[in-house]
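Structure first, then comments.
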Amino acid sequence: MSRPKNQNYKGHGLSKGKEREQRASIRFKTTLMNTLMDVLRHRPGWVEVKDEGEWDFYWCDVSWLRENFDHTYMDEHVRISHFRNHYELTRKNYMVKNLKRFRKQLDREAGKLEAAKCDFFPKTFEMPCEYHLFVEEFRKNPGITWIMKPVARSQGKGIFLFRRLKDIMDWRKDTRSSDDQKDDIPVENYVAQRYIENPYLIGGRKFDLRVYVLVMSYIPLRAWLYRDGFARFSNTRFTLNSIDDQYVHLTNVAVQKTSPDYHPKKGCKWMLQRFRQYLASKHGPEVVETLFRDIDNIFVKSLQSVQKVIISDKHCFELYGYDILIDQDLKPWLLEVNASPSLTASSQEDYELKTCLLEDTLHVVDMEARLTGREKRVGGFDLMWNDGPVSREEGVPDLSGMGNFVSNTHLGCINDRKKQLRQLFYSLQVQKKASS
Amino acid sequence: MLQEESDLSLIIAQIVQKLKGSNLYSQLERQAWASLQRPEIKLESLKEDIKEFFKISGWEKKLQNAVYSELSVFPLPSHPAAPPEHLKEPLVYMRKAQGSWEKRILKSLNSMCTELSIPLARKRPVGEQKELLNKWNEMGTDEPDLSLFRPVYAPKDFLEVLINLRNPNYENGDSLSFRTHLGLIQVPLKVKDIPELKECFVELGLNIGQLGIDDSTQVPPELFENEHVRIGQKVLAEQDSAAAQQYIRQGSPTALRAELWALILNISSQPEDVLYYEQLKTNVIQHDLLVDSLIYKDVKLTASNDDYYFVFEDYLYQVLLCFSRDTSVLSHFAYNSASPPKSYIRGKLGLEEYAVFYPPNGVIPFHGFSMYVAPLCFLYHEPSKLYQIFREMYVRFFFRLHSISSHPSGIVSLCLLFETLLQTYLPQLFYHLREIGAQPLRISFKWMVRAFSGYLATDQLLLLWDRILGYNSLEILAVLAAAVFAFRAVNLMEVTSLAAAEAVLADLSTLKVMPLLQIFLFATVT
């Protein structure tokens with residue numbers, strides 16, 4: 001439902017102009033019915049509002065945002081779970097554009113070495129506008145496999161692999177003929193991306209990593225990294241022989257669920273701790289450290305590339321689901337960033353992970369105004385970037401001695417969040433009592 | 001004194017005899033010949049010079065490791081005139097029980113065979129061979145119809161057999177007396193009590209650093225972990241089996257574990273070993289065995305459904321199918337109380353010339369067998385090395401978990417050890433559980449038979465198996481089982497049925513094994 005701008009707008013939140021004060025009860029709204037609803041309902045002091053009621057916190061879906069954000073006035077304390085133009089990061093074609101631009105900028109300002117750190121995205125071309133550029137690249141590398149992905153769809157829908165130009169010629173014909181019949185549906189944008197043919201395999205299976213990054217603001221850039229996540233396995237063994245077999249190549253759980261081999265009890269996921277341990281026992285801890293440092297780099301650079309483009313509204317925060325693929329040389333690649341990562345649980349373990357993730361997200365958003373704002377860790381979230389790199393060490397990081405800098409990220413490490421939260425809130429309470 | 005000396009020389013002679021047929025011997029011979037070219041080898045002192053050369057070049061170490069490896073499975077000293085059955089199992093009633101259990105298994109297998117009219121073995125047609133070769137790395141994708149196959153036996157069937165074991169020389173009487181055992185196992189074997197276990201597992205003591213305890217996040221790594229890792233690297237550099245075994249009693253760092261286990265088990269991937277594995281693979285391709293279907297079924301039922309091991313499904317087939325055909329495994333029956341089942345070529349029943357061991361390795365898999373292999377997939381990724389490690393682990397340890405014997409690491413002793421520990425140190429709990437019809441062994445048996453694989457989290461399981469290798473004994477499994485009961489004692493005291501007790505102990509995946517063991521052995525007031 002959109003509300004016209006000039007009508008007496010529906011304000012959200014009580015008394016304007018007050019600083020972040022402790023509220024008696026926090027009114028939340030959401031349309032998602034799964035783990036999120038459970039977490040919100042169980043949060044002490046949070047009450048649900050439905051339909052037209054005023055809210056202090058809205059975990060919305062992107063379609064509502066698109067239609068209503070511009071017409072909605074929000075009080076200072078109100079929080080909403082998306083940035084207005086998040087698609088600059090999450091739509092594949094925009095992300096590529098932003099990243100390419102950022103890379104050029106880095107090349108100019110900091111040199112080739114620094115720019116090379118942005119080379120975590122496989123060569124991508126927007127279709128149909130960059131078709132000719134794509135054909136040029138295609139001809140330069142005969143025989144490699146490419147993957148065609150719709151720009152805005154999720155869960156693996158509409159994706160296919162190809163090796164010959166003929167395959168996409170046919171596909172273009174198909175889509176064009178269907179367009180003739182339905183004129184009002186616009187041509188969908190696709191991207192053609194170089195397919196990573198040498199993925200790292202475990203047990204002969206391909207997998208990708210789902211990692212959660214919470215961005216509280218873009219200017220300045222404040223981003224938190226969640227320690228847990230999971231590796232999603234393809235149900236079948238990896239081989240380049242059968243590029244038509246969607247089930248082999250696409251690791252989304254949604255696609256795997258439809259595979260004839262799929263047994264729901266199996267669940268094709270490994271928690272990140274398990275994955276990190278496996279790699280450590282195979283390659284040693286130093287190699288794993290390097291890999292995870294490279295993964296951190298992906299988060300930072302991708303967020304930096306859209307920093308100036310995204311409208312940094314103080315009411316907004318966003319929980320992104322990053323999809324990362326590791327190749328056999330242990331180089332991580334960014335597949336995509338999701339603004340609305342799935343919060344439905346596929347198993348008990350998954351339910352616990354997502355519940356804890358959401359609880360900690362709400363702790364960081366801090367509607368209850370408990371935090372001081374100087375915390376480096378809240379539950380399972382570690383502050384990864386605070387307008388600059390955040391060091392694990394206490395005190396100001398000594399950037400001159402870059403060799404000793406260890407980032408404050410603990411992806412795949414032990415997540416003793418309950419204990420940390422207890423200690424954190426206890427010390428906050430003590431501080432408050434002392435200062436009052 | 002004289003007796004010991006002659007015992008020792010007998011042992012030496014036996015080991016020399018065994019090693020003479022091994023690959024190491026021919027390598028040493030070759031090295032000795034090659035060393036004659038070296039300037040430091042002089043004719044006058046040929047023997048000493050060659051020995052010196054071996055010492056410097058590391059060959060002596062290899063020989064040392066091989067001897068050590070042989071010693072670890074060497075049967076306990078016995079009377080020189082003892083017949084070979086005694087080496088397998090000295091107690092007659094145990095041998096008899098094992099024999100009749102084997103007959104039952106074989107009968108079950110044969111009847112399944114006749115019911116389904118599937119031959120025990122058949123040669124695959126060429127088309128099928130080609131297909132299997134293509135699919136070798138992804139046999140898990142195959143979904144043959146296994147609904148008619150049943151596992152030959154499950155651990156609980158085996159438990160019933162153990163419960164009915166009786167020593168005919170031991171008068172228990174049918175009525176309850178002070179000599180009757182309160183637990184399920186009724187045979188009087190000698191098992192250790194906690195003071196003896198403390199002596200045996202001295203490196204698990206409270207004052208000694210352990211991986212699994214002293215590497216947790218709260219403990220700064222300088223205190224123990226860093227030094228321990230450094231020593232581990234040194235041990236690996238020295239390539240000394242005995243030192244590795246001693247070292248691993250305190251746990252193995254994740255990055256070094258694969259190499260340490262290989263060193264302790266004396267596995268080094270030589271080209272001959274790879275070739276041998278390839279040969280086994282060819283055997284699998286050419287012939288289809290009935291046990292293959294049993295293996296398939298077992299993997300599908302257990303490992304494939306496990307949250308963490310499902311990834312390794314294909315490796316499990318590659319290892320287990322080859323394992324069934326490996327006749328070198330037959331040599332372990334010299335010290336295993338079990339005997340490989342014999343089958344006869346069709347029509348030649350009873351004629352010894354036409355007898356074959358079935359399956360070729362003499363081991364019939366039971367429900368859960370594949371779980372012995374699954375944790376190893378975490379450490380070894382090259383199929384032939386994974387295979388060798390598993391085979392060695394089987395012929396040193398795992399076989400004891402499903403054969404009836406009086407060996408201190410045999411399953412019967414482990415069960416008795418578990419029950420005795422519980423009875424002695426947690427008498428109230430033991431009595432309560434017994435009263436409600438929940439004999440503790442009924443719950444813990446499946447953990448011990450599988451060496452806890454599939455019940456503990458993988459990293460904890462590997463820490464446990466580190467200690468099995470380090471102490472060359474499975475007794476730690478019984479101690480851990482008792483420690484788990486001690487840990488959950490409060491909840492268990494409140495249950496009123498076997499099902500409820502099972503529920504309390506259903507999920508062990510959050511347990512940390514080393515603290516449990518340490519507390520049970522060293523910190524419980526007795």
Side-chain angles (χ1 to χ4, degrees), chain A residues 200-207 227 230-239 241-242 245 247-248 256 259-271 273-289 346-350 352 410 413-417 419-420 423, chain B residues 134-143 215-218 221 225-226 229 233 252-261 300-318 374-383 386 457-463 507 509-510 512:
Chain A
Y200 193 89
L201 302 175
I202 295 183
R205 291 171 209 234
K206 184 174 162 182
F207 64 93
R227 294 189 178 196
F230 43 89
R232 296 176 297 202
F233 286 90
S234 150
N235 215 26
T236 46
R237 285 46 169 182
F238 181 78
T239 163
N241 298 334
S242 54
D245 188 351
Y247 303 116
V248 174
Q256 295 302 324
S259 156
D261 276 344
Y262 184 74
H263 295 291
K265 257 190 276 186
K266 258 197 226 179
C268 347
K269 292 184 188 177
W270 262 15
M271 289 293 130
Q273 278 87 8
R274 174 82 30 208
F275 170 70
R276 193 166 177 152
Q277 267 175 352
Y278 176 87
L279 279 190
S281 69
K282 194 168 172 187
H283 300 282
E286 294 87 23
V287 171
V288 174
E289 282 285 331
S346 60
S347 71
Q348 182 61 28
E349 198 176 44
D350 201 39
E352 275 168 37
H410 299 83
C413 296
I414 297 178
N415 187 5
D416 53 345
R417 55 179 288 276
K419 193 164 122 195
Q420 199 270 348
Q423 285 172 343
Chain B
N134 282 339
K135 269 205 329 246
W136 181 254
N137 288 324
E138 39 180 58
M139 281 187 276
T141 50
D142 219 9
E143 296 269 348
D215 55 339
S216 74
T217 42
Q218 292 93 345
E225 203 180 344
N226 288 348
V229 173
Q233 284 159 341
S252 162
T254 319
L256 304 179
R257 186 176 274 124
E259 284 180 59
L260 276 172
W261 283 23
K300 288 277 183 223
L301 284 178
T302 53
S304 299
N305 274 329
D306 187 291
D307 280 335
Y308 291 113
Y309 298 129
F310 70 89
V311 169
F312 302 121
E313 193 183 340
D314 298 321
Y315 289 143
L316 296 179
Y317 297 122
Q318 290 172 28
L376 302 174
C377 296
F378 234 72
L379 301 172
Y380 303 100
H381 315 99
E382 207 268 291
L386 174 63
T458 314
D459 58 323
Q460 296 299 312
L461 184 77
L462 293 173
L463 287 168
D507 183 11
S509 57
T510 50
K512 302 267 177 267

- Message: Is it true that, when you exclude A:Ile414 itself, more than 12 heavy atoms of the residues, nucleotides or ligands shown sit nearer than 6.0 Å to its CD1?
- Response: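 Not buried by this count: 12 neighbours or fewer within 6.0 Å.
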- Task: Check whether A:Gln273 gets within reach of chain B through its side chain, its backbone, both or neither, counting any heavy atom under 4.5 Å.
- Result: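 Neither part.
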- With only heavy atoms counted, which part of A:Ile202 is less than 4.5 Å from chain B, the side chain, the backbone, both or neither?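 Contact with chain B: backbone and side chain both.
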- Message: Counting heavy-atom pairs under 4.5 Å with chain A, which one of B:Tyr308, B:Phe312, B:Tyr315 comes out on top?
- Response: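 The residue among B:Tyr308, B:Phe312, B:Tyr315 with the greatest pair count is B:Tyr308.
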- Message: If we count only N and O atoms by modelled type, under 3.5 Å, do the side chains of A:Arg274 and B:Thr458 hold a donor and an acceptor together?
- Response: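 Yes.
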- Message: Counting only non-hydrogen atoms closer than 4.5 Å, can you tell me which residues of residues 282-289 of chain A sit against chain B?
- Response: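 Interface residues of residues 282-289 of chain A: A:Lys282, A:Gly284, A:Pro285.
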- Listed by chain and number, what are the side chain to side chain donor-acceptor pair (under 3.5 Å) partners of A:Trp270, not counting sequence neighbours?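 Counting only residues at least two positions away or on another chain, A:Trp270 forms no side chain to side chain donor-acceptor pair (under 3.5 Å).
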- Quick one: list whatever passes salt bridge (Lys or Arg N to Asp or Glu O under 4.0 Å) with A:Asp350, sequence neighbours left out.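 Salt bridge (Lys or Arg N to Asp or Glu O under 4.0 Å) list for A:Asp350, sorted by chain: A:Lys269, A:Lys354.
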- Who passes salt bridge (Lys or Arg N to Asp or Glu O under 4.0 Å) against B:Lys512, sequence neighbours left out?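 Per chain and number, B:Lys512 pairs via salt bridge (Lys or Arg N to Asp or Glu O under 4.0 Å) with no residue.
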- Query: At their closest point, which heavy atom of A:Gly203 faces which heavy atom of B:Asp314, and how far apart are they?
  - Reply: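 Here A:Gly203 and B:Asp314 meet closest at O-OD2, 3.9 Å.
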- Message: Give me the atom names and distance for the closest heavy-atom approach of A:Arg205 to B:Val311.
- Response: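 Taking every non-hydrogen atom into account, NE-O, 3.6 Å.
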- Item | Region of B:Phe378 that comes under 4.5 Å of a non-hydrogen atom in chain A |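 For B:Phe378, heavy atoms of backbone and side chain both lie under 4.5 Å from chain A.
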- Query: Tell me, side chain or backbone of B:Asn137 under 4.5 Å from chain A's heavy atoms, or both, or neither?
  - Reply: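 Backbone only.
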